[in-house]
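Following: one structure in structure tokens, then a few remarks.
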Number of protein chains: 2
Amino acid sequence: MNSVNLKRLAQELNLSIATVSRALQDSYEVSSQTKERVRALAAELNYEPNAYASSLRRNISKTIGVVIPEVNNHFFSLAINGIEEVARQSGYHVLIYLTHDDYEREVAITQYLTGGRVDGLLMSVASGSQEFSHLEKLYASKPAIVFFDRVCEAIHTANVTTNDYESGYLATQHLIEAGCTHIAHLLVSGNLSIGRMRMQGYQAALQAAGIAFDETLVIDGNGDDESNTELLKNLLRSRPEVDGIFASVERLVISSYQACQALGRAIPQDIKIIGFSNLGVASLLAPALTTITQPAYEIGKEAAKILLRAIEKKKAILPSQSLVLKSELFQRKSTEPCG
Amino acid sequence: MNSVNLKRLAQELNLSIATVSRALQDSYEVSSQTKERVRALAAELNYEPNAYASSLRRNISKTIGVVIPEVNNHFFSLAINGIEEVARQSGYHVLIYLTHDDYEREVAITQYLTGGRVDGLLMSVASGSQEFSHLEKLYASKPAIVFFDRVCEAIHTANVTTNDYESGYLATQHLIEAGCTHIAHLLVSGNLSIGRMRMQGYQAALQAAGIAFDETLVIDGNGDDESNTELLKNLLRSRPEVDGIFASVERLVISSYQACQALGRAIPQDIKIIGFSNLGVASLLAPALTTITQPAYEIGKEAAKILLRAIEKKKAILPSQSLVLKSELFQRKSTEPCG
DNA sequence: CCAGATATCGTAAACGTTTGCGTAGATAAA
DNA sequence: TTTATCTACGCAAACGTTTACGATATCTGG
């Protein structure tokens with residue numbers, strides 16, 4: 001209903017719509033005096049081009065989509081921060097979609113996005129997804145896609161990830177060196193590559209230390225926080241020999257703390273805990289939490305950069321553009337050796 | 001470039017574009033057999049309508065914008081969660097913009113949004129904004145706006161807020177009852193109504209307890225976390241009599257903890273701390289943090305509901321639709337009376 | 001059997017922008 | 001002078017949908 005459009009400007013200036021349009025694009029085909037007149041009136045009337053008309057005509061939306069499991073999570077919110085930063089600098093808009101780690105929702109969302117609403121897509125796939133035909137369909141419908149963190153290997157594109165195998169290895173090794181011999185591994189994405197990598201690192205570190213792998217110590221922590229905490233309490237009760245926990249996702253670290261608190265297990269005396277986390281307050285926890293921290297902001301930034309470069313150059317994204325950033329281990333109280 | 005559009009469907013089915021369009025909208029003007037044929041082919045070819053063409057024609061984008069200071073903050077990320085939930089259920093898309101509490105960015109963003117890109121807007125204004133003409137311009141350009149938390153009183157629309165005066169009063173009273181007599185107030189939005197309300201509650205509680213208001217104990221905590229921590233360390237050093245801190249935003253609570261830790265001040269023995277926060281791990285901090293927790297998820301949900309109702313009914317939003325939700329005080333270790 | 005209602009479909013305009021093409025006038029080159 | 005080049009602008013089509021309006025055929029009641 002904002003009726004200040006090119007036609008309106010053209011009428012008031014006694015020019016054609018084409019000339020007004022070109023003037024606003026600073027085209028060489030229009031004289032500088034006319035440009036000035038057009039710009040002046042446009043500013044006065046507070047003209048803003050209709051994004052939909054422009055997108056329709058040019059087949060370019062200047063919009064990217066971000067599809068992630070959740071936003072109330074330091075990793076993803078930091079990533080969004082990085083994404084938004086890069087997008088804003090390049091004049092792109094950011095649509096956000098949350099899957100809540102639910103396969104059905106992910107399918108519905110990718111279906112929407114087939115309609116050409118976005119020029120490109122940044123995605124971290126839902127842990128509930130076991131099957132990826134919806135992503136292949138989406139990919140076939142053209143938009144550039146870059147996966148970050150939770151990638152989909154079936155799609156031939158670039159991924160931005162972290163050194164997950166190494167991190168899993170280091171985390172486990174860290175617990176072993178601190179004296180742990182029965183280490184539980186909590187994960188959420190066993191069927192995703194990210195989960196498998198961390199798992200393999202965990203297993204390799206156990207093997208290197210001569211500790212037998214016990215798959216009953218691997219807990220799948222989907223579901224909500226309360227049920228996860230219950231799950232952990234059950235584990236700790238039934239397996240009192242567990243003296244270390246390696247949580248591969250922030251939420252599970254919190255649940256671990258709560259389970260220990262509820263059962264009166266002292267950290268780090270009885271149980272040591274390390275986890276993937278971007279919690280800013282890790283050092284303020286009781287006790288301070290040893291974390292493996294992913295460069296979430298940089299991941300978002302780099303993924304967005306790769307995507308936007310491809311969009312602007314209209315070139316396909318190659319797997320060779322993939323990036324692996326390094327996570328960092330911050331040693332704190334929760335894994336301190338005692339006695 | 002996804003060339004499966006209405007024309008393509010029409011050609012393959014020997015129908016007109018109009019009929020195909022109507023069939024997909026389940027119009028009564030097309031026979032059920034034709035509808036079936038159309039739907040079948042659409043499904044087979046994975047047809048998805050072009051959102052931009054549709055938006056252009058109908059002057060409806062099925063998109064709302066969310067403009068907030070930051071996303072790496074539990075309050076806002078929970079709010080987004082609520083917003084996205086409501087939007088998704090109604091088939092709306094969500095564009096997200098971050099101001100980083102910067103006035104210039106907010107102006108630039110509102111300028112974009114004048115172009116009719118969104119049907120409506122949910123907004124929490126930047127603390128750096130002292131002047132609101134950009135918002136009035138935006139409002140004049142038509143889209144429905146609902147403010148949440150950090151409202152702009154100059155705009156005649158609905159707001160979703162919390163009982164900030166009462167919360168400020170209760171927080172301060174809580175500290176006083178715990179034995180504090182020199183209470184610092186850290187705030188970030190002194191020129192926004194939300195900041196003023198909390199401030200007034202703080203002052204009223206002081207007065208009720210017969211404590212003189214000392215404006216040098218009111219600290220403006222804009223800027224980054226490190227400089228805030230420095231600011232607080234300086235305060236605690238120069239004013240050793242300070243025995244209570246009321247932080248009106250999550251970030252400042254963290255800085256307070258860090259400042260105390262750095263200076264060796266024991267919480268709650270030397271200083272008691274209470275703060276607005278949606279930190280899920282508040283109870284796991286050392287010591288557990290007493291919080292005033294806003295119903296962030298519900299705020300997002302309610303704000304989105306008001307907005308979408310107005311959009312769908314094409315009715316203006318009235319200030320009378322405003323909502324005030326209640327925050328809750330969770331008493332924990334950081335404000336425990338001692339000795 | 002005919003007037004009118006009903007069911008089903010097509011034609012074409014419109015949304016606001018971008019852009020290939022054409023053109024009038026001015027200038028420069030021959 | 002004529003021809004070519006350049007400048008500055010307008011015309012009109014196109015992007016993919018939606019929708020007002022019309023058209024045709026079938027059906028109904030009298």
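Chain identifiers are assigned alphabetically (A, B, ...) following the order of the sequence lines, protein sequences preceding nucleic acid strands; residue numbering begins at 1 within each chain. Keep in mind the model is a prediction, meaning the values are calculated, not measured.
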> Taking NZ from A:K62 and C1' from C:dT17, how many angstroms apart are they, rounded to a whole number?
Replying inline: 16 Å
> Do the side-chain N or O atoms of B:Y47 get closer than 4.0 angstrom to the phosphate oxygens (OP1, OP2) of D:dT17?
Replying inline: yes
> Does a side-chain N or O from B:S55 land closer than 4.0 Å to OP1 or OP2 of C:dC15, or not?
Replying inline: no
> To the side chain of A:V30, which of C:dG10, D:dC9, C:dT17 is closest?
Replying inline: D:dC9
> For B:Y52 and A:E29, take the nucleotide of DNA chain D holding the closest heavy atom to each; which residue's nucleotide lies nearer the 5' end?
Replying inline: A:E29
>> From CG of A:D26 over to C1' of D:dA8, roughly how many Å is that when rounded to an integer?
In response: 15 Å
>> Please pick, from D:dT19, D:dG10, D:dT17, the nucleotide with the shortest atom-to-atom distance to any side-chain atom of A:T19.
In response: D:dG10
> Do you know which of A:V118, A:I64, A:L121 makes side chain to side chain contact (heavy atoms under 4.5 Å, CB included) with A:L95?
Replying inline: A:V118
>> Using 30° and 60° as the class boundaries, would you call the ring planes of A:Y97 and B:H93 parallel, tilted or perpendicular?
In response: perpendicular
> Quick one: B:R22 CZ to C:dG10 P, roughly how many Å, whole number?
Replying inline: 9 Å
> With a 4.0 Å cut-off on heavy atoms, is A:S21 in touch with a base, just the backbone sugar-phosphate, or nothing at all?
Replying inline: base
> Atom OH of A:Y28 to atom P of D:dC6: distance rounded to whole Å?
Replying inline: 11 Å
> A:L56 has a side chain; which of D:dT19, D:dC15, C:dC9 sits nearest to it?
Replying inline: D:dC15
> In whole Å, what is the span from the CD atom of A:E36 to the P atom of D:dA8?
Replying inline: 14 Å
> Counting side-chain heavy atoms from C-beta on, which of C:dT17, C:dC9, C:dC15 comes nearest to A:P49?
Replying inline: C:dT17
>> In this structure, how many angstroms lie between the P atom of D:dA8 and the CZ atom of A:R37, rounded?
In response: 14 Å
> 5'-most contact on DNA chain C: B:L15 or A:R58, nearest heavy atom basis?
Replying inline: B:L15
>> Measure CD1/A:I60 against C1'/D:dC15 and give the value in whole Å, please.
In response: 13 Å
>> On a heavy-atom basis, which atom in A:T99 and which in A:P69 lie closest, and how many Å separate them?
In response: OG1-CA, 3.2 Å
> Among all residues two or more places apart in sequence or in another chain, which pass the side chain to side chain donor-acceptor pair (under 3.5 Å) test with A:D119?
Replying inline: A:S61
> Picking from D:dC11, D:dG16, C:dG10, which would you name as closest to the side chain of B:N50?
Replying inline: D:dG16
>> Show every salt bridge (Lys or Arg N to Asp or Glu O under 4.0 Å) that has at least one partner inside residues 9-21 of chain B, sequence neighbours left out.
In response: B:R8-B:E12
> For A:T34 and D:dC9, is the shortest distance between a side-chain N/O and OP1 or OP2 below 4.0 Å?
Replying inline: yes
> So what does A:S54 hit on the nucleic acid, given a heavy-atom distance under 4.0 Å: a base, only sugar-phosphate, or nothing?
Replying inline: sugar-phosphate
>> Output the rounded distance in Å from CG (A:L9) to P (C:dT17).
In response: 8 Å
